[in-house]
**Student:** 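Take this structure first; my questions come after.
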Amino acid sequence: MLVARSAVLFVVAALFEIGGAWLIWQGLREHRGWLWITGGILALGAYGFVATFQPDAHFGRILAAYGGIFVAGSIAWGMVADGYRPDRWDIGGAAVCLVGMAVIMWAPRNG
């Protein structure tokens, strides 16, 4: 149950983190304005808030694992939102990141 809860929190946090970065990108690079940028800043703040609900209390471990989610999620977001087409190296790298995230978060530990 803790793994399922943790996985759901990773998905929600990734949506806020990647979505927030994308909104800021759109606001600045695509000249969509301050409303988009403000939405991005709020979403990034929500990401930080959601991250605190992870069952593991080690800040470094949680942030390191979110790094793996960010890599894979960013590629997926780019495919959906911007028509990005990853090559085999992008997909392989994202898979390595997801495996790393799983090891960081859910490997059995002594104590």
Side-chain angles (χ1 to χ4, degrees):
M1 187 61 167
L2 283 180
V3 172
R5 176 179 178 224
S6 178
V8 167
L9 287 168
F10 273 122
V11 170
V12 171
L15 289 172
F16 282 129
E17 181 185 25
I18 298 164
W22 185 79
L23 286 169
I24 292 170
W25 179 281
Q26 292 295 307
L28 286 175
R29 298 255 330 192
E30 303 298 326
H31 309 289
R32 295 186 187 234
W34 285 102
L35 191 59
W36 286 69
I37 295 167
T38 302
I41 292 167
L42 292 172
L44 287 170
Y47 148 71
F49 188 75
V50 170
T52 65
F53 290 114
Q54 279 290 346
D56 191 309
H58 294 94
F59 179 77
R61 182 176 296 144
I62 300 302
L63 242 41
Y66 273 117
I69 297 294
F70 185 80
V71 170
S74 294
I75 289 173
W77 187 286
M79 291 171 62
V80 172
D82 293 324
Y84 176 67
R85 297 291 168 243
D87 64 19
R88 64 183 177 183
W89 299 106
D90 296 327
I91 294 168
V96 167
C97 289
L98 289 176
V99 169
M101 179 279 304
V103 169
I104 289 169
M105 284 303 297
W106 303 320
R109 296 201 167 21
N110 295 329

**Student:** Applying side chain to side chain contact (heavy atoms under 4.5 Å, CB included), can you list everything that pairs with Phe53, at least two apart in sequence or on another chain?
**Tutor:**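 Result, side chain to side chain contact (heavy atoms under 4.5 Å, CB included) vs Phe53: Arg5, Leu9, Phe49.
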**Student:** Compare every heavy atom of Ile62 with every heavy atom of Phe10, then report the nearest pair and how far apart it is.
**Tutor:**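 Result for this residue pair: CE2-O, 4.4 Å.
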**Student:** Below 3.5 Å, can you tabulate the donor-acceptor pairs from side chains in residues 88-104 to any protein atom, sequence neighbours excluded?
**Tutor:**
unit_1: Asp90; atom_1: OD2; unit_2: Tyr84; atom_2: OH; d: 2.5
unit_1: Asp90; atom_1: OD2; unit_2: Asp87; atom_2: N; d: 3.0

**Student:** Looking only at heavy atoms, which two atoms of Met79 and Arg85 are closest? And how far apart?
**Tutor:**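 Minimum heavy-atom contact is O-NH1, 3.9 Å.
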**Student:** With a cutoff of under 4.5 Å between side-chain heavy atoms, which Ile, Leu, Val, Met, Phe, Trp and Tyr residues group with Val80?
**Tutor:**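 Val80 clusters with nothing; isolated.
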**Student:** Identify, with sequence neighbours excluded, every residue that meets side-chain hydrogen bond (donor to acceptor under 3.5 Å, both in side chains) alongside Ser6.
**Tutor:**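 Only Gln54, Trp106 meet the side-chain hydrogen bond (donor to acceptor under 3.5 Å, both in side chains) criterion with Ser6.
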**Student:** Show the atom names and distances, to 0.1 Å, of all donor-acceptor pairs under 3.5 Å that link a side chain in residues 13-30 to residues at least two apart or in another chain.
**Tutor:**
unit_1: Trp22; atom_1: NE1; unit_2: Asp82; atom_2: OD2; d: 3.2
unit_1: Gln26; atom_1: OE1; unit_2: Arg32; atom_2: NE; d: 2.9
unit_1: Gln26; atom_1: OE1; unit_2: Arg32; atom_2: NH2; d: 3.4

**Student:** Treating Ile, Leu, Val, Met, Phe, Trp and Tyr as nodes and any side-chain heavy-atom pair under 4.5 angstrom as an edge, say whether Met105 and Val11 lie in one connected cluster.
**Tutor:**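 No, Met105 and Val11 fall in different hydrophobic clusters.
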**Student:** To the nearest 0.5 Å, what is the distance between NE2 on His58 and CZ on Arg109?
**Tutor:**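 Result: 8.5 Å between the selected atoms.
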**Student:** Run the ring-ring contact (aromatic ring centres under 6.0 Å, His included) test against Phe70 and tell me which residues pass, sequence neighbours left out.
**Tutor:**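 Expected list: none.
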